[in-house]
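Start at 1 with the first residue, then count along the sequence. One-based numbering, in listed order, for ligands and for the atoms of each.
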Amino acid sequence: MKQILALIAGAILIAACGSEEAERSADGRLTVGFSQIGSESGWRTSFTQAVQSEARNRDITLRFSDAQQKQENQIRAVRSFIAQGVDAIIIAPVVETGWRPVLTEAQRAGIPVVIIDRNMALEDDSLYLTRVASDFVEEGRKAARWLMDETGGDCAIVELQGTVGASAAIDRMSGFNEVIADYPNARIVMSQTADFTRTRGKDIMVTFLRAMNPKDICAVWAHNDEMALGAIIAMKEAGVAPGRDILVVSVDAVPDIFKAMSDGDANATVELSPHMGGPAFDAIEAHLRGESVPKLIPVNGDLFTQETAAEEYRRRTSGEAR
Ligand code: GZL
């Protein structure tokens with residue numbers, strides 16, 4: 001009798017597991033784990049919302065993790081997604097290095113990984129399906145070209161760097177420096193990380209304004225709008241007119257920088273589209289259909305100046321801008 005009961009229990013258990021597996025595949029919904037860096041900037045918040053909205057539009061089950069800018073939290077999240085048996089993983093890596101072990105675990109589990117936004121320094125590109133991102137070097141070049149045109153190439157620049165080790169910071173700096181190298185009278189006189197945040201951008205700008213006469217500073221180059229907006233607060237508190245006494249150029253094109261530009265407090269920003277979820281989900285779905293996917297799916301952005309700032313602010317705060 002006991003043996004018969006054990007057999008029946010085993011059959012019920014198998015049926016339950018089988019039905020659960022069947023249930024997920026029957027409803028056909030993809031389950032994707034998304035390891036996001038954090039919410040350190042207005043751009044990142046918009047990016048997160050855009051990915052979540054895109055997942056809802058596609059009926060994709062999105063498992064979301066906010067790492068609060070800590071790599072160990074991202075690695076923990078990816079391991080959790082692997083344990084959950086998600087269909088794919090999307091990761092915006094906070095820094096470039098330290099990813100090979102966990103990507104190898106995902107590869108062994110047969111789970112495709114899409115790198116989105118920032119980059120990883122990987123020798124083995126079989127560890128990820130594709131990367132959806134902007135060309136950060138070109139963003140730095142665009143910012144520098146505008147500043148050199150605006151100043152005739154004669155400019156003492158203070159630089160607010162993004163997160164140390166982040167590809168966005170490394171590459172934007174590289175592109176900017178590449179362009180100003182052609183202008184003998186353009187030079188970066190002070191440079192320090194402000195970790196892509198508004199608070200740190202203000203703090204570091206305060207130290208810059210104390211370290212040298214503000215009249216000797218021609219421009220602030222900030223690796224993102226958030227830090228530029230912090231620098232604007234510091235300049236105003238020091239009695240300096242941002243956008244006029246000291247030019248302000250940055251990257252992201254968040255609504256607040258358009259407001260600052262229309263108020264004359266900032267001068268230029270290079271757009272970084274937050275709409276990278278669509279291309280990422282397209283690549284995952286194509287891969288799962290057995291189609292090949294390119295290793296890089298670029299998103300590009302233009303440089304915006306004060307001339308169109310008021311209209312851009314209206315478009316982007318009215319929900320009109322896609
Ligand atoms: C760039 C992205 C940067 C943004 C910042 O793709 O990683 O990180 O420019 C954000 O706003 O902090």
Side-chain angles (χ1 to χ4, degrees), residues 34-51 65-71 73-74 90-97 99 114-121 130-144 159-176 192-204 220-232 248-260 266 268-280 296-304 316:
F34 177 24
S35 171
Q36 175 61 294
I37 289 172
S39 52
E40 75 286 350
S41 71
W43 177 85
R44 183 135 334 259
T45 304
S46 302
F47 172 37
T48 293
Q49 289 164 352
V51 173
S65 162
D66 175 332
Q68 289 153 5
Q69 285 194 277
K70 292 181 174 60
Q71 181 175 33
N73 291 344
Q74 290 200 277
I90 298 175
I91 179 168
V94 60
V95 292
E96 288 191 324
T97 55
W99 301 103
V114 173
I115 300 171
I116 198 167
D117 171 27
R118 296 185 192 170
N119 202 1
M120 295 179 179
T130 187
R131 177 177 176 236
V132 180
S134 169
D135 180 344
F136 301 137
V137 176
E138 185 57 23
E139 290 170 347
R141 292 192 192 104
K142 284 177 181 172
E159 179 180 34
L160 295 169
Q161 299 173 28
T163 302
V164 175
S167 56
I170 294 165
D171 290 353
R172 285 172 183 166
M173 179 187 284
S174 165
F176 190 94
Q192 194 171 333
T193 180
D195 210 20
F196 282 130
T197 69
R198 193 174 303 199
T199 305
R200 292 296 295 148
K202 179 191 174 195
D203 295 345
I204 302 303
V220 179
W221 152 230
H223 293 181
N224 80 333
D225 294 341
E226 217 62 45
M227 297 187 290
L229 290 161
I232 287 167
V248 179
V249 57
S250 54
V251 184
D252 278 355
V254 296
D256 284 354
I257 205 68
F258 285 107
K259 177 72 171 61
T269 184
V270 179
E271 180 168 39
L272 169 65
S273 171
H275 300 292
M276 294 190 250
L296 175 65
I297 300 171
V299 292
N300 299 305
D302 298 323
L303 181 134
F304 291 83
R316 294 156 188 264

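Every atom of ligand 1 is numbered from 1 in the order shown, and the set under 4.0 Å from a heavy atom of Asn224 is 5 (C), 9 (O), 11 (O). Taking a cut-off of under 4.0 Å to the non-hydrogen atoms of Asp252, the atoms of ligand 1 that pass are 4 (C), 5 (C), 9 (O), 11 (O). Of all atoms in ligand 1, numbered sequentially from 1 with element shown, those under 4.0 Å from a heavy atom of Ala168 are 1 (C). Counting the atoms of ligand 1 from 1 in the order shown, those under 4.0 Å from a heavy atom of Arg118 are 2 (C), 3 (C), 7 (O), 8 (O), 10 (C), 12 (O).
Here the options are Asp225, Asp252, Asp117, the test is salt bridge (Lys or Arg N to Asp or Glu O under 4.0 Å), and the partner is Arg44; only Asp117 passes. Gln36 pairs with exactly one of Ile90, Thr48, Ile91, Val51 by the side-chain contact (heavy atoms from CB on, under 4.5 Å) rule, that one being Thr48.
Leu272 counts as a contact of ligand 1, since one of its heavy atoms falls under 4.0 Å from the ligand. At a 4.0 Å cut-off, at least one heavy atom of Phe136 sits close enough to ligand 1 to count as contact. Residue Glu226 places no heavy atom under 4.0 Å from ligand 1.
Protein heavy atom nearest atom 6 (O) of ligand 1, with residue, atom name and distance: Asp117 OD1, 2.1 Å. Of the protein's non-hydrogen atoms, Arg44 NH2, 3.7 Å is the one closest to atom 3 (C) of ligand 1. Of the protein's heavy atoms, Glu40 OE2, 2.5 Å lies nearest to atom 12 (O) of ligand 1.
In this structure, His223 and Phe196 have tilted ring planes: the angle between them lies in the 30° to 60° band.
Separating the CZ atom in Phe47 from the CD1 atom in Ile116 is a distance of 4.0 Å, to the nearest 0.5 Å. Residue Trp221 holds its CH2 atom at 6.5 Å from CZ of Arg172, rounded to the nearest 0.5 Å.
Geometrically, ligand 1 and Trp43 share no nitrogen or oxygen pair separated by less than 3.5 Å.
By the criterion of a heavy-atom distance under 4.0 Å, neither the backbone nor the side chain of Met227 is placed next to ligand 1.
The shortest non-hydrogen separation linking Gly38 to Asp66 is CA-OD1, 3.1 Å. Minimum heavy-atom separation, Ile232 to Ala260: CD1-CB, 4.1 Å.
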What do the steps show when you test Asp256 against Lys259 for salt bridge (charged side-chain N to carboxylate O under 4.0 Å, His left out), and what is the final call?
CA-CA 5 Å; Asp256 284 354; Lys259 177 72 171 61; over 6 Å; no
